[in-house]
Amino acid sequence: MASVTEKILKAHLKDGRYEAGKEIGIKIDDTLTQDATGTMAYLEFEAMGLPKVDTELSVSYVDHNMLQTDFKNADDHDYLRSVAAKYGVLYSRAGNGICHQVHLERFARPGKTLLGSDSHTPTAGGAGSLAIGAGGLDVAIAMGGGIFYLDTPKVVGVRLTGRLRAWVSAKDIILEMLRRFDVKGGVGKVYEYFGDGVKTLSVPERATITNMGAELGATTSIFPSDDVTKDYLKMQEREKDWVEMHHDSDSDFSEIIELDLAKIEPLVAKPHSPGNVASLKELEGMKVDQVIVGSCTNSSFRDLMVVATILKGKKINPNVSFCVLPGSRQVYSMIARNGALADLISAGARILESACGPCIGMGQAPRSGGVTVRTFNRNFEGRCGTKDAKAYLCSPEVAVAAALYGQFTNPEKLGGYPIIPHDKPMIDDSMIVKPPKDGSKIEIIRGPNIKPLPQMKPLDDEIRKEVLIKVQDNVTTDHIMPAGAQILPLRSNIPAISEFVFSQIDPSFPKRAKEKGGGFIIGGENYGQGSSREHAAIAPLYLGVKAVIVKSWARIHKGNLVNFGIVPLTFEDPKDYDRIAQGDMLEIKDLRDAIKKGIITIRDSTKGFDFNAKVDVSGRAMDVLLDGGEINHVKRK
Ligand code: MIC
Ligand code: SF4
């Protein structure tokens with residue numbers, strides 16, 4: 001008797017005992033990378049000195065760094081193309097679409113494990129894959145056939161009953177989950193959806209839910225693999241990838257959440273957190289400046305057809321800038337062939353290429369203080385590129401109503417709910433380049449933007465350094481290592497990108513860190529939530545950060561710190577957080593011994609008191625820390 005999650009994890013178990021909270025090692029069948037994290041992941045793979053990837057399937061996508069304002073992003077694309085050919089990785093070219101949407105269409109397989117260097121990898125859970133986001137180094141190790149370690153999650157069952165009302169869609173289901181559980185409610189958990197309501201949702205709708213499950217802090221989210229999954233795979237000409245997967249009994253879940261789909265109403269996440277969810281009713285009448293439909297959460301054929309069908313014969317409000325980004329080339333070609341694209345264009349939509357684009361601040365930044373309404377999954381302050389803009393997250397239905405009326409409006413006002421055709425997908429994988437059988441002769445192309453990885457040293461036994469910065473609860477990796485059109489092109493150049501660490505919160509951080517020869521970061525609850533970018537660990541490491549002491553952690557970021565030899569510490573008594581200030585001198589002695597014991601006494605010599613912090617990591621991670629990071633650890637072994 002087991003949940004789908006447990007069945008997949010146990011079938012892939014390579015190390016440890018399956019028991020909630022305990023660390024296990026699993027075999028990874030498939031991997032995905034995207035360009036913004038991928039350059040680093042492949043540099044790390046190269047450093048391991050292996051001749052080829054050792055997975056069933058590895059795909060490298062280009063979808064984030066698409067604005068080519070100078071040589072940098074194009075250099076990165078060339079590097080990724082050549083490295084994929086050399087090591088046996090499929091290469092999805094720029095223009096083929098957003099990694100998660102393309103992966104769902106062309107590769108996601110029920111019952112398999114997928115590890116991706118992007119936090120929204122759980123999108124594939126919509127097709128019954130156990131899909132997890134991780135740092136690039138974890139993915140590099142998995143590409144080499146290595147084990148992926150995680151804490152055995154609690155499996156929470158989410159029982160869906162009933163059917164969504166007209167004008168309410170999958171996005172509202174995940175926003176309802178976020179309304180209830182907020183951005184750290186899912187830490188240490190997998191949300192497994194089940195119940196009668198599941199069959200009312202198509203695979204892309206399920207994927208909207210598992211995608212944005214990342215915002216709950218969950219390890220992943222998953223749907224069963226049923227006849228709907230089978231039909232979807234059949235449409236994608238991949239019926240052979242289908243296996244049926246269901247949980248056996250309700251007692252397989254550690255807890256059950258009840259969601260009556262008929263009771264869900266249109267919801268909106270307000271600035272500046274995906275967990276800040278309100279009913280659309282509260283916002284009706286509020287003026288909006290920009291509306292964007294796209295991102296890996298809501299850019300499927302279904303989503304775009306809803307928007308295009310509503311807009312047919314209508315015009316966008318003259319005060320609104322309205323943009324659409326199809327999630328994949330497949331979706332793009334389908335709406336082009338069936339005429340929906342023409343309907344969007346004549347309504348006044350600005351059509352952008354199939355990519356992440358504005359979701360990661362690559363263009364379309366709203367005006368100063370503007371209100372931007374997006375079908376995306378994250379609305380952290382400044383992420384859209386305009387620091388004082390206010391970003392709201394909602395369904396395509398709510399977005400299109402706002403675009404037509406120029407203000408938040410109940411989409412019911414639009415009349416009858418559109419009927420969406422079930423067009424057969426256009427299958428054309430010609431933008432996915434297959435690697436040659438023997439890639440050994442291939443020369444890797446390294447433009448001047450590709451800089452080698454920084455060297456890592458074994459852990460010091462004594463540290464006497466200042467607190468370089470003290471931050472609040474729920475600090476995201478977008479705060480630690482911002483993205484956007486200016487900074488993202490530096491992802492393969494650590495010295496250059498490190499100049500932007502904490503630039504949203506305190507632009508003087510990099511200079512101070514260098515002047516002081518490194519030091520400590522103090523954080524609150526859920527430190528490092530959001531993206532999987534390991535640059536939020538590597539760049540602070542480059543600036544000399546030795547340890548980060550917080551009240552609680554987000555999973556992926558904590559793993560990334562360990563991978564790069566920065567010690568993640570947790571206050572034993574969270575009240576000690578209040579006693580420490582930026583600039584305090586902290587002293588640690590016998591650090592190597594303390595790591596093995598799991599507890600450290602730290603002296604604040606400025607204020608003259610001692611406090612304890614836990615080294616809350618597994619025995620394996622302790623060894624990694626002692627060796628000064630995973631690369632040294634692997635080399636030593
Ligand atoms: C994001 O949505 O924040 C990103 C950009 O896709 C990141 C990855 C990155 O920072 O490159 C993510 O979600 O992991
Ligand atoms: Fe791209 Fe946005 Fe999805 Fe991240 S969340 S993968 S930036 S579309």
Side-chain angles (χ1 to χ4, degrees), residues 32-41 60-67 73 76 80 92 94 97-104 115-124 131-136 138-139 174 207-208 210-215 217 220 269 274 292-300 303 323 325-328 331 352-364 374-380 382-385 391 393 476-485 487-492 497 500 528-539 554-557 559-560:
L32 73 77
T33 55
Q34 40 88 340
D35 48 345
T37 55
T39 44
M40 212 31 80
S60 169
Y61 293 91
V62 176
D63 54 1
H64 283 64
N65 288 354
M66 301 278 280
L67 279 185
N73 289 342
D76 284 5
L80 290 169
S92 173
I98 306 175
C99 56
H100 307 302
Q101 176 66 27
V102 179
H103 206 83
L104 185 72
L115 194 72
S117 63
D118 191 283
S119 64
H120 292 106
T121 303
T123 314
I132 303 179
D138 290 321
V139 178
I174 189 63
T208 293
T210 57
N211 169 285
M212 206 173 170
E215 274 51 69
T220 189
I292 312 184
V293 176
S295 93
C296 57
T297 319
N298 277 119
S299 58
S300 63
D303 289 336
C323 304
L325 298 94
S328 66
V331 172
L352 304 178
E353 70 178 321
S354 189
C356 301
C359 177
I360 193 57
M362 274 274 168
Q364 312 307 122
R374 300 169 165 218
T375 63
F376 306 171
N377 49 37
R378 289 187 176 145
N379 58 347
F380 306 140
R383 181 173 161 109
C384 63
L393 309 172
T476 70
T477 49
D478 276 81
H479 291 108
I480 306 169
M481 187 72 263
I487 307 176
L488 271 173
L490 305 172
R491 284 285 180 94
S492 52
I497 205 168
F500 296 92
Q529 68 157 323
S531 148
S532 68
R533 60 191 72 149
E534 58 191 344
H535 301 75
I538 311 178
R555 173 185 64 90
I556 306 180
H557 184 59
N560 284 335

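When a ligand or atom number is given, it counts from 1 through the structure's own listing order. The structure displayed is predicted, hence computed values, not measured ones. Counting begins at 1 with the first residue of the sequence. Below, all heavy atoms of this structure are taken into account, side chains as well, without hydrogens, waters or symmetry copies.
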Task: Shortest non-hydrogen contact from Gly136 toward Ala41 - done: O-CB, 3.7 Å
- [ ] Considering non-hydrogen atoms only, spot the tightest contact between Ala134 and Ser532 and give its length.
- [x] O-CB, 3.4 Å
TODO: Could you pull out all residues at least two apart from Pro482 that satisfy side chain to side chain contact (heavy atoms under 4.5 Å, CB included)?
DONE: Ile487, Ser503, Gln504
Open item on the list: Any donor-acceptor pair under 3.5 Å linking the side-chain atoms of Asp63 with those of Gln34?
Closed with: no
Open item on the list: Can you see whether Asp303 engages Asn298 through a side-chain donor-acceptor pair at a distance of less than 3.5 angstrom?
Closed with: yes
- [ ] Provide the number and element of each atom of ligand 2 under 4.0 Å from a heavy atom of His100.
- [x] 6 (S)
Which atom pairs, nitrogen or oxygen on both sides, join ligand 1 and the protein at under 3.5 angstrom?
residue, atom, partner, partner atom, Å
ligand 1, 2 (O), Arg378, NH1, 3.2
ligand 1, 2 (O), Arg383, NH2, 2.8
ligand 1, 3 (O), Arg378, NH1, 2.9
ligand 1, 3 (O), Arg383, NH1, 2.8
ligand 1, 3 (O), Arg383, NH2, 3.4
ligand 1, 3 (O), Arg533, NH2, 3.1
ligand 1, 6 (O), His64, NE2, 2.8
ligand 1, 6 (O), Asp118, OD2, 2.7
ligand 1, 10 (O), Arg491, NH1, 3.4
ligand 1, 10 (O), Arg491, NH2, 2.9
ligand 1, 10 (O), Ser531, OG, 3.0
ligand 1, 10 (O), Arg533, NE, 2.6
ligand 1, 10 (O), Arg533, NH2, 3.3
ligand 1, 11 (O), Gln34, NE2, 3.0
ligand 1, 11 (O), Arg491, NH1, 2.7
ligand 1, 13 (O), Asp118, OD1, 3.4
ligand 1, 13 (O), Ser119, N, 3.4
ligand 1, 13 (O), Ser119, OG, 2.5
ligand 1, 13 (O), Arg378, NH1, 3.0
ligand 1, 14 (O), Ser119, N, 2.8
ligand 1, 14 (O), Ser119, OG, 3.3
ligand 1, 14 (O), Ser531, OG, 3.4
ligand 1, 14 (O), Ser532, N, 2.7
ligand 1, 14 (O), Ser532, OG, 2.9

- [ ] Give a yes or no on whether the backbone of Gly133 and the side-chain of Ser119 come within a donor-acceptor separation of less than 3.5 Å.
- [x] no
Task: Test side chain to side chain donor-acceptor pair (under 3.5 Å) applied to Ser92 - qualifying residues, sequence neighbours left out - done: Asn96
- [ ] Please indicate how many protein N/O/S atoms are found closer than 2.8 Å to atom 2 (Fe) of ligand 2, with waters neither displayed nor included.
- [x] 1
Task: Spatial distance of atom CG (Leu488) from atom NE2 (His535) [nearest 0.5 Å] - done: 9.0 Å
Open item on the list: Test side chain to side chain contact (heavy atoms under 4.5 Å, CB included) on Thr210 and His100; report intermediate values, then the result.
Closed with: CA-CA 11 Å; Thr210 57; His100 307 302; over 6 Å; no
TODO: Report the part of Asp118 in contact with ligand 2, treating N, CA, C, O as backbone and CB onward as side chain, heavy atoms under 4.0 Å; options are side chain, backbone, both, neither.
DONE: side chain
